[in-house]
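Step one of this worksheet: look at the structure below.
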Amino acid sequence: MHSHNRQQPNRISPQPEPHSTTYPYVQSPSSPHDQFFQLLSIHINRSLPHTHSTPRLQLGNAREPVLHRAISTKAVPRPRSPPSNYSRNELGPSLHGTPAPSRPTSAPHFKTHSTERVGGMSQPDFSMLSLDPEARLALFQAGKIPESEQEWDRFVPSQALQALEKHEIERQSVLFEIFKSELDYINDLKVIEDVYVSPILSAPYEIMTAEMGKDFVSEVFGNLSKILDHHQRMLASLFSRQRDQHPLVQSVADIILDYALQFTPDYESYIKRSPLSVERYRKELDRNLRYKEFIDQCSADPRLRKRDFKTLISRPVTRLPRLKLLLERVQKLTPQDHPDLETIPIVLTVLQGFIKSSEPGIAAAEAKVKFWALYESLVDPEGEINVTLVHSGPLARQKHDSWHLWSDVFGALLDSHFLLLKEETKPSGTVTRTVIARPIPLVYLRLESFNEPPEIRRERADSGSFINMSSVKQNVYPFTIHHAGAIATRRYTLYAQSAPARDTWHKALVDAIGLRRARQDANKWYVPQTLNDGFFRMPSRVSHAHGGHFTGRALCATVISYQDRNYLAVGCTNGIYVGLRANSYLVDSAERLAQKDGNVLFFKAGHAGGRTLVVYAAKSFLHLTLHTLELIHRDKNSTETASSYQLFGSPTPIPRDAHDAAFLPQSVVICASKTIHILRPMNMTVSWPTVVPNFFDETGSGNVSLHLLKERCDAAKILGFVRCENGEILIVYDGLGCYVDKYGKPARSAGFISWESKATAYAHRGPHILLFSPGFIEVRNITSGELVQVIEATDVRLLHTGLTEQDMLVVAMTGTIEDGEGLSEKISELTQTTAIDTRAPMVRVEQMWDEWDP
């Protein structure tokens, strides 16, 4: 044949290089052309039928080498590129934003020459095949190849494609797609910087002020420039590998793995903020007309390729999942003995782990954005945004137990409350939502049945007659929830549109309630510590009819110190009992000191006007009189008692509905059912008491808020008051609290705080007010009214608060023992917890097993 007369190509040594990498090594030919000839001939020989009469095409006398190209630490000699019209920078990727020059008038192309026949088949004459892969590849890497031409098979001769196996063509096409998509991704990131970021920063006051522009870029674009820098360096490495190994690239997994370990932290920061970034963009678009005009101008930029801002800003969010899919395709097309089968799974594990770990952050940001939208749609919202939206959706309610009267509502489950809202769509398309029921804190929310059979929703037509019943019938799925402190008045049966929707609500409610309780248990401000549970007894259904040790309900208590011992005296319906308080419990033995006696309704000790006073109210037939005693300290040389009490002033009539007293620095405060009376202790008989709250509207403008507050306060009972740090006074009612200024006038625009349960008593400790109701103890911040803790119990009573905030808080509640002796009364002390200082150094405590350590 003619090939015997041609000069034989250089032989390829089959011996491996001593310091090859983990890839099977094949000594590289002297030029990329020879590399391509060698690998292509291997595929052609494998595609030919193997018969004794048909010789296999060989390059010299070399044995058929392994298909996988070795990646050695030694640089492969590259021939000098032919002269070209492009500069050095134009042949590589544009990584620094330099505009690419215009395309040449003619692009490099493949030329085929004579062929020879091998085994009766027409084969290309490889020695005469004239290829210029470097120049064409440089055009692709410079971004000068049209997108329709950016396919791997357009860079390889058709004769070569016919010689390659199908799976190798597919594998090379996917690898080329990685190069192509990475280049396209970097171009998009640069478009964001060039079209959006740079004009905002470089044109202050045209779009927004310079300071606002910096803040806006930081909030919306975040660390996009860092991500761009990572991918520019990764693309440079990928293109270098492509130039070395084109057209048969063996692997890119090692490069991607190296950079994936570097850029995932920056991706995490960007992706978790992406929903917030889009929301910040939307808000600026709504309120800044100049910015809206700027965005409209940007939309006409051809570099955007008719994509909107949200699509471009979301490119980093979708890039890594897209890259993961491409690597999975490469893995499926990789031969069994290829090293990529070890490297690609590692890369996929890194990417999959990152994508999975970023999902909670994205979900949290999306929930925050949804809550912002919900908050903005509320009519007259109050308070700060400090909660998260867990779940929301449309629901329905049945009106007055009527089968044909229905109302559509919108349920919103926050991480702290459950809200029922009424949606209204305005002609402009804006959706507003109005709160139609008082929000239920999750600590009070109770779930009832969620498995009732569906009901049929029917509605009347506007004309009053029934229309086609099939068109108005709808199956709805009921579930019931209620407020634990107001079961009768705050119980709701709601209807979901489908059974899966009801199941979703049930799961979301169970998870949210459980998480809220777990958070509260981990952050308790006060903990009930049992002093005694068993000595104090009440009759019960299982107790004996006669002869039981019944002390009756505990009503009050006080602490007594005598001869370095602490005693607790508990007043019950059947007498007063005193027991020794040892450490944190009450000794199970007490002595009955006195029977119930006297007409004293209440008393209080405290300081006013620089004096230590005790005031008590005595009830007569028609009047209630306040008596005052002053503590007198005797001279040490006096033979009389060191201290004693004497009458101070004259008895003062007080309202018959008075039920408690308190002290201000210069005054005595008497709490009646509807008002608070402030008296001067120096001259109570002649001083005119100040009555608060003062609801008189001096402006005469008909203040609606003041009128509504007065109506609520008139229907409630005053329990007392608490002084706030800002000089205001919180008037504590049994069902609400309102703030007044130093003149007794309602403050904070006549606003008020509604308690979750009707309180019977309260206590003040530090920044908190504790409200006691039969079933709960609410702990609220005095200044803000925020509910910070709820303690649930049965038949709760406040027994003792003391004169100062350092005194014991003693409460009684139904105990845990019920036997023949009756039902126990549990006496507990509310102990304030201490916050854990996470900044404190860890101190190692010697353990009993330390001696076993070597």
Side-chain angles (χ1 to χ4, degrees), residues 363 366-367 370-371 374 377 387-425 431 433-518 756-757 775-776 790 792 794:
E366 289 177 345
K370 290 179 181 178
F371 176 72
L374 174 67
S377 68
V387 295
T388 302
L389 181 65
V390 177
H391 182 64
S392 63
L395 296 169
R397 291 183 66 186
Q398 199 169 12
K399 298 180 180 178
H400 309 297
D401 296 329
S402 176
W403 62 271
H404 68 279
L405 295 177
W406 293 82
S407 62
D408 293 318
V409 296
F410 187 85
L413 176 61
L414 312 180
D415 64 350
S416 59
H417 291 76
F418 176 77
L419 281 68
L420 280 179
L421 311 171
K422 182 67 174 180
E423 283 191 338
E424 180 182 358
T425 302
V431 177
R433 298 183 176 97
T434 305
V435 179
I436 59 175
R438 184 177 165 190
I440 303 178
L442 294 190
V443 291
Y444 283 96
L445 186 61
R446 300 294 183 267
L447 309 183
E448 297 185 21
S449 175
F450 272 76
N451 54 8
E452 295 295 327
E455 299 180 14
I456 298 178
R457 176 178 178 176
R458 299 186 180 93
E459 293 183 293
R460 293 183 182 274
D462 294 339
S463 60
S465 61
F466 285 99
I467 59 175
N468 184 4
M469 297 303 294
S470 62
S471 64
V472 296
K473 288 183 180 180
Q474 178 186 0
N475 283 343
V476 288
Y477 297 79
F479 63 91
T480 303
I481 60 176
H482 70 264
H483 189 290
I487 301 177
T489 57
R490 301 177 68 181
R491 185 173 183 267
Y492 307 99
T493 297
L494 305 172
Y495 296 84
Q497 295 179 347
S498 64
R502 181 173 65 176
D503 294 340
T504 302
W505 272 109
H506 183 257
K507 182 179 183 304
L509 287 166
V510 170
D511 292 345
I513 293 173
L515 182 59
R516 190 67 180 180
R517 288 179 178 174
E756 294 300 327
S757 299
F776 302 92
V790 175
E792 187 173 359
T794 304

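What you see is a predicted model; the values in this text were computed from it and never measured.
Rounding to the nearest 0.5 Å gives a distance of 12.0 Å between CD1 of I440 and CZ of R491. Note that CG of D511 and CG of D415 are 13.0 Å apart. Values are rounded to the nearest 0.5 Å. Distance NE2/H417 to CG/L442: 7.5 Å, rounded to 0.5 Å. Atom CZ of residue R446 and atom CD1 of residue I487 lie 9.0 Å apart, to the nearest 0.5 angstrom. Here the CD1-CZ distance, from I481 to R490, works out to 10.0 Å after rounding to the nearest 0.5 Å. One finds the CG atom of L419 at 10.0 Å from the CD1 atom of I436 (value rounded to the nearest 0.5 Å).
What you find for F776 and S757 is that their closest heavy atoms are CD1-OG, 3.5 Å. Residue A437 comes nearest to Y492 through the heavy atom pair CB-OH, 3.7 Å, listed as atom of the first residue, atom of the second, then distance. Listed here is the closest heavy atom pair of P454 and N475: CB-CB, 4.4 Å. Minimum heavy-atom separation, P478 to Y495: CB-CE2, 3.5 Å.
When the options V476, T480, L420 are evaluated for a side-chain contact (heavy atoms from CB on, under 4.5 Å) with L494, the one that passes is L420. For the salt bridge (Lys or Arg N to Asp or Glu O under 4.0 Å) with D408, the lone residue among K422, R457, R397 that qualifies is R457.
Within the 4.5 Å cutoff, the side chain of R438 has heavy atoms near those of the E756 side chain.
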Chi angles and distances behind the side-chain contact (heavy atoms from CB on, under 4.5 Å) call for L414, V390: CA-CA 5 Å; L414 312 180; V390 177; 5.8 Å; no
In sequence, state the C-alpha distance, the side-chain angles, and the governing distance for W505 and L413, and then conclude on side-chain contact (heavy atoms from CB on, under 4.5 Å). CA-CA 9 Å; W505 272 109; L413 176 61; 4.1 Å; yes
Could you go step by step and tell me if F418 and I513 meet the side-chain contact (heavy atoms from CB on, under 4.5 Å) rule? CA-CA 10 Å; F418 176 77; I513 293 173; over 6 Å; no
